[in-house]
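All values below come from the heavy atoms of this structure, side chains included, with hydrogens, waters and symmetry mates left out.
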Amino acid sequence: MAAVVVGGAAACGPNTDAYFELQNAMKSHITNVDHRPVSSVSCTPHVHDTMRGDTAHLQCLVTFTDGTSYTANAEIENQNSGGRHNMPDLYRWDAPPPK
């Protein structure tokens with residue numbers, strides 16, 4: 001896993017599904033940091049939330065604006081464990097292949 005982004009689920013409201021937050025983080029990061037414009041990201045399974053200290057594993061189809069795509073293994077880690085509270089989720093995913 002190459003990209004690591006700390007998410008802020010609270011920023012989009014308490015009812016936002018974790019997989020949706022991951023999709024938004026991937027689209028933004030790959031477009032703005034990797035300079036590969038993304039048209040869509042679709043992840044499964046549709047994870048609503050993760051339990052304290054747990055990590056959810058997903059598969060995400062990333063489609064670029066030029067019509068190419070790749071499938072990334074991704075994770076959503078709930079960082080709230082061992083006495084830590086109110087920590088944002090941590091997102092990781094496979095980096096896009098070279099252009």
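For the pair Asp89 (side chain) and Ile76 (backbone), a donor-acceptor distance under 3.5 Å is absent. Remark: the backbone N or O of Tyr19 is not paired with any side-chain donor or acceptor of Asp17 at under 3.5 angstrom. For the pair Asn32 (side chain) and Ser28 (backbone), a donor-acceptor distance under 3.5 Å is present.
Annotation: side chain of Pro88 is in contact with side chain of Gln79 (closest heavy-atom distance under 4.5 Å). Side-chain contact between Trp93 and His29: present, with at least one pair of heavy atoms (C-beta onward) separated by less than 4.5 Å.
Every residue two or more places apart in sequence or in another chain was checked for a side chain to side chain contact (heavy atoms under 4.5 Å, CB included) with Ser81, and none qualifies. Under the rule for a side-chain hydrogen bond (donor to acceptor under 3.5 Å, both in side chains), Gln23 has no partner lying at least two apart in sequence or in another chain.
Separation of atoms CG (Leu22) and CG (Leu90) is listed at 10.5 Å; rounding is to 0.5 Å. Note: Leu58 CG to Arg92 CZ = 12.0 Å, rounded to the nearest 0.5 Å. Between Arg52 atom CZ and Asp49 atom CG the span is 11.5 Å, to the nearest 0.5 Å. Separating the CE atom in Met26 from the OG1 atom in Thr31 is a distance of 10.5 Å, to the nearest 0.5 Å.
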Residues 59-67, side-chain donor-acceptor partners within the protein, below 3.5 Å, at least two apart:
| unit_1 | atom_1 | unit_2 | atom_2 | d |
| --- | --- | --- | --- | --- |
| Gln59 | NE2 | Asn73 | OD1 | 2.2 |
| Asp66 | OD1 | Thr68 | N | 2.9 |
| Asp66 | OD1 | Thr68 | OG1 | 2.6 |

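Surrounding CZ of Phe20 are at most 12 heavy atoms belonging to other residues, nucleotides or ligands under 6.0 Å away.
Looking at every heavy atom in both residues, His35 comes nearest to Lys99 through O-NZ, 3.4 Å. Between Val47 and Thr50, the shortest heavy-atom contact is CG1-CG2, 4.2 Å.
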